[in-house]
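All remarks here apply to the structure that follows.
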Amino acid sequence: MAVVTLEPSQGLAETYIMVGHVTGLFAYTGPYMNTLYGTKAELTSMAETLNTPSMVALLGKMPHVQTLTTAMVFAAEMNLFMSIIAAIMSVLIVVKNTRGAEEDGVVELLRSRPVGRGSVNLAAIGELVLLNGVYALGIGLLVGNSGIYGGSLKGAFLLGLVQGAVGLLFGLLAIFLAQIFENTRTVSAASFGAIGVFYVLTMMNNVSDLGLDWLSLSAGWDRHSRIFMMITFRWSTS
């Protein structure tokens, strides 16, 4: 019994240490971008770079706004990478808690007790929601208080909400794939393959505007949420 209670705690600690490192990295990137794109000329030059075909394919189109800020460039550059990291973290934790737990014998041990057949999946979903909730909250708090020019706490929490939703989406997809495939290797391969397919669809839609926003890696949430843009729009019309 001691082994059963200790192992998940160690796994949880490792998971949230990883989340802390990732969110801390993004929070550090914000102030660093203030030194890279702190002037209007630097922002204009970067916006022109982001609108080249190769960068559009990788990151998506940079929306046209009246007043460009460093926070907008940060969101345009980092949004997709943050979504990929959220998806990868979610897949890893789901695979570990489903097929990984089964291969380690934890599931068999649990099913010797009076628990429901879906208890393992429900537990995995619960930890998935908690993981992405902490990830979203961490991004909102750390990026929102990073001092990035043009940033706001509301915009940062919107950014975190989008990333948490993307992570939850791919985590649920991994749970579905875990019901089809029988071991961690095939579930991981299928899940990461799905991330790759959605990224290819994202690139195709970015370049050709095929109307496939809802089949892109972030389901179009990053583009339609207009992170760090609505507040600037209100300022410009007041």
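Only a predicted model underlies this, so the values are computations on that prediction, with no experimental measurement involved.
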Can you name the residues that form a side chain to side chain donor-acceptor pair (under 3.5 Å) with T186, not counting sequence neighbours? N183
Separation between CG of L161 and NZ of K154, rounded to the nearest 0.5 Å: 14.5 Å
Could I get the full list of side-chain contact (heavy atoms from CB on, under 4.5 Å) partners for V200, not counting sequence neighbours? M204
Is the backbone of A123 close enough, under 3.5 Å, to the side chain of N97 for a donor and an acceptor to pair up by distance? no
side-chain contact (heavy atoms from CB on, under 4.5 Å) partners of A75, counting only residues at least two apart: I227, F228
For a quick test of reading the model, state the closest non-hydrogen atom pair linking T35 to E42 and the distance between them. O-OE1, 4.4 Å
Contact between F74 and N79 at the side-chain level, heavy atoms closer than 4.5 Å - yes or no? no
I'd like to know whether F181 forms a side-chain contact (heavy atoms from CB on, under 4.5 Å) with V187, so could you lay out the CA-CA distance, the side-chain angles of the two residues, the decisive distance to 0.1 Å, and finally the verdict. CA-CA 6 Å; F181 301 104; V187 174; 3.7 Å; yes
Can you tell me if CZ on F176 sees more than 12 non-hydrogen neighbours from other groups inside 6.0 Å? no
Compare all side-chain heavy atoms of M203 with those of F198 and state whether any distance is below 4.5 angstrom. no
Please check if Y149 and M33 belong to a single hydrophobic cluster, counting links between Ile, Leu, Val, Met, Phe, Trp and Tyr side chain heavy atoms closer than 4.5 Å. no
Going by the rule side chain to side chain donor-acceptor pair (under 3.5 Å), which residues pair with E48 if we only count those two or more places apart in sequence or in a different chain? none
Considering only heavy atoms from C-beta outward, does the side chain of R185 approach that of R99 to under 4.5 Å? no
Under the side-chain contact (heavy atoms from CB on, under 4.5 Å) test, residues paired with L43 that sit two or more places apart: Y37, L68, T70, V73
How long is the straight-line distance from CD1 of I84 back to CZ of F170, given to the nearest 0.5 Å? 9.0 Å
Given a cutoff of under 4.5 Å between side-chain heavy atoms of I, L, V, M, F, W and Y, with clusters grown through shared members, what are the other residues clustered with L137? L141, L153, F157
Pairwise distance CD1(I139) to CE(M82) - rounded to 0.5 angstrom: 3.5 Å
Any sub-3.5 Å donor-acceptor pair from Q163's side-chain atoms to S83's backbone N or O? yes
For S45, enumerate each residue passing the side-chain contact (heavy atoms from CB on, under 4.5 Å) test, keeping only those at least two apart in sequence or located in another chain. none
Can you tell which of L169, I175, L177 makes a side-chain contact (heavy atoms from CB on, under 4.5 Å) with L173? L177
Using distance only, find each side-chain donor-acceptor pair of residues 85-94 under 3.5 Å and give its atom names and separation, not counting sequence neighbours.
| residue | atom | partner | partner atom | Å |
| --- | --- | --- | --- | --- |
| S90 | OG | A86 | O | 2.9 |
| S90 | OG | N132 | OD1 | 3.3 |
| S90 | OG | N132 | ND2 | 3.2 |
| S90 | OG | G167 | O | 2.9 |

